[in-house]
Amino acid sequence: MLRIAVPNKGMLSEPAWNMLAEAGYRLRTNSRQLVVEDPDNDIELFYLRPLDIAVYVGRGTIDCGITGQDLLKNSGTAALEHMPLGFGASTFRFAAPNESSFSKLEDIDGKRVATSFDKLVHDYLVDHGINAETIHLDGAVESSVQLGVADLIADVVSTGTTLRNAGLRIFADPIMHSEACLIRSPRLDEKDERLTILSRRLEGVITAQRYVLMDYDIPVSKVAAAIDVTPGFESPTISPLHDKQWNAVRVMVPKAKVNQLMDKLYDVGARGIIVTALTASRI
């Protein structure tokens with residue numbers, strides 16, 4: 001069986017579970033289950049702490065897992081990124097008290113930086129020639145400056161609301177941009193058939209999340225103009241209608257552009273335009 005680690009909690013957990021469910025895999029039925037066997041798909045799911053997944057994949061017997069790129073980089077293990085998954089986007093930034101004089105990276109030299117990602121931050125500072133002390137804290141680090149543990153923090157930022165509420169402001173360039181990714185063990189061949197099937201299923205879910213199926217009727221004389229608007233992947237499916245002056249077109253289009261495309265198609269002469277959501281695909 002292919003052994004797959006998934007987050008048991010945190011920001012990445014529910015999107016990861018949903019993606020696996022939409023890919024046809026069996027999930028746990030209650031929160032106390034830590035291991036789920038899925039013999040129909042020849043996999044075994046392990047629910048682990050997000051911070052530990054890259055360690056189990058890189059050093060243990062787990063074949064692959066879903067985690068964040070920042071968590072992978074901070075793990076310092078030999079686990080390898082296999083493919084990005086398109087969710088859980090975040091930015092890793094430095095932040096300091098509003099009244100402080102921090103404005104650029106060089107201002108960190110000689111200071112104390114509190115973070116839950118000490119290896120990632122330490123390596124970044126060393127690479128940029130900055131000599132600073134990194135202080136590891138589990139969980140929220142926003143209070144570390146006020147409580148005298150550190151001079152500034154380095155943490156994941158999405159909206160910045162939490163930092164502002166703590167009297168902190170962002171400065172300097174981002175340390176890194178991150179999103180969820182599928183990682184694999186260095187012992188697992190990237191061409192392993194089981195990994196290929198898993199990757200193909202996840203890619204199908206990602207495509208289904210980003211695209212929809214569009215159907216419309218179009219006069220035969222205007223098919224070429226309509227296809228210019230909705231070219232699809234390889235080519236749209238075009239079928240004759242009972243009225244020989246009309247054709248039916250079926251095509252996949254980006255979900256984010258649905259309304260703009262319908263407007264353009266209507267102007268070209270398309271009618272009966274309908275959109276259907278996708279749940280899975282293979283492209």
Side-chain angles (χ1 to χ4, degrees), residues 2-36 38 41 43-60 62-77 79-93 115-121 136-142 153-163 174-185 188 195 198-210 279-280:
L2 187 72
R3 305 178 117 201
I4 306 172
V6 295
N8 66 350
K9 60 181 179 180
M11 181 181 71
L12 301 180
S13 59
E14 286 199 21
W17 303 342
N18 292 338
M19 178 169 280
L20 288 170
E22 290 171 6
Y25 295 109
R26 179 185 301 172
L27 304 182
R28 65 185 180 184
T29 55
N30 68 75
S31 59
R32 294 185 178 182
Q33 281 183 282
L34 297 179
V35 181
V36 176
D38 184 358
N41 291 298
I43 70 157
E44 195 172 12
L45 282 182
F46 292 82
Y47 290 78
L48 303 173
R49 284 201 329 150
L51 286 167
D52 297 335
I53 288 176
V55 177
Y56 280 103
V57 173
R59 298 178 180 173
I62 299 292
D63 297 307
C64 52
I66 295 177
T67 188
Q69 293 168 331
D70 51 354
L71 295 169
L72 171 61
K73 191 167 185 178
N74 190 63
S75 71
T77 70
L80 302 166
E81 180 174 342
H82 187 68
M83 62 179 285
L85 297 177
F87 67 86
S90 62
T91 305
F92 209 79
R93 304 292 300 260
T115 182
S116 299
F117 296 75
D118 40 316
K119 184 181 187 324
L120 188 159
V121 174
H136 176 82
L137 292 175
D138 287 322
V141 298
E142 291 85 4
I153 70 168
D155 201 9
V156 174
V157 177
S158 49
T159 64
T161 301
T162 303
L163 293 179
I175 300 169
M176 74 172 293
H177 297 283
S178 177
E179 69 175 281
C181 61
L182 178 68
I183 63 174
R184 65 177 175 86
S185 166
L188 182 67
L195 180 61
L198 172 64
S199 302
R200 191 181 300 136
R201 288 194 184 190
L202 296 181
E203 287 170 354
V205 173
I206 294 169
T207 301
Q209 291 172 342
R210 295 177 178 174
T279 56

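Note that the structure is predicted; figures quoted are calculated from it, not measured.
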Backbone of [Y] reached by a side-chain donor or acceptor of [X] within 3.5 Å:
X: S90; Y: V157; result: no
X: N74; Y: K119; result: yes
X: N41; Y: I43; result: no
X: D63; Y: L2; result: no
X: R28; Y: Q33; result: yes
X: D52; Y: L48; result: no
X: R201; Y: A23; result: yes

(request) Start with the C-alpha gap between L45 and D38, add the side-chain angles, then the distance that decides, and say whether side-chain contact (heavy atoms from CB on, under 4.5 Å) holds. (result) CA-CA 8 Å; L45 282 182; D38 184 358; over 6 Å; no

[X] versus [Y], closest heavy-atom pair with distance:
X: A280; Y: E22; value: CB-O, 4.5 Å
X: T279; Y: A208; value: C-CB, 3.7 Å
X: V57; Y: G65; value: CG2-N, 4.0 Å
X: A54; Y: I183; value: CA-CD1, 3.7 Å
X: C64; Y: L182; value: CB-CD1, 4.3 Å
X: I53; Y: P7; value: CD1-N, 3.5 Å

Would you call [X] and [Y] a side-chain contact if the rule is heavy atoms closer than 4.5 Å?
X: L195; Y: R184; value: yes
X: P50; Y: N8; value: yes
X: D155; Y: E142; value: yes
X: V36; Y: Y25; value: no
X: R49; Y: V55; value: no
X: L20; Y: L202; value: yes
X: L71; Y: L51; value: yes
X: Q209; Y: F87; value: no

(request) Step through it carefully: locate the ring centre of F46, locate the ring centre of Y56, and say whether they are under 6.0 Å apart. (result)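 No, too far apart.
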
Just by distance, no angles: are the side chains of [X] and [Y] close enough, under 3.5 Å, to form a donor-acceptor pair?
X: T207; Y: E203; answer: no
X: H82; Y: S199; answer: yes
X: E81; Y: Q69; answer: yes

When rounded to the nearest 0.5 angstrom, what distance separates [atom1] in [X] from [atom2] in [Y]?
X: L137; Y: T115; atom1: CG; atom2: OG1; value: 8.5 Å
X: R3; Y: L188; atom1: CZ; atom2: CG; value: 13.0 Å
X: E14; Y: M19; atom1: CD; atom2: CE; value: 14.0 Å
X: M176; Y: F117; atom1: CE; atom2: CZ; value: 9.5 Å

(message) Using the rule given for side-chain contact (heavy atoms from CB on, under 4.5 Å), can you reason through I206 versus L85, listing the C-alpha separation, both sets of side-chain angles and the distance that settles it, and then say yes or no?
(response) CA-CA 7 Å; I206 294 169; L85 297 177; 4.3 Å; yes

(request) Please step through side-chain contact (heavy atoms from CB on, under 4.5 Å) for the pair V141 and S116, ending with a clear verdict. (result) CA-CA 7 Å; V141 298; S116 299; 3.9 Å; yes

(request) Apply the side-chain contact (heavy atoms from CB on, under 4.5 Å) test between D70 and each candidate in I175, T91, V156; give the one that qualifies. (result) V156

(request) Look at atom OH of Y47 and say whether more than 12 heavy atoms of other residues, nucleotides or ligands are closer to it than 6.0 Å. (result)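 Counting other residues, nucleotides and ligands, OH of Y47 exceeds 12 neighbours.
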
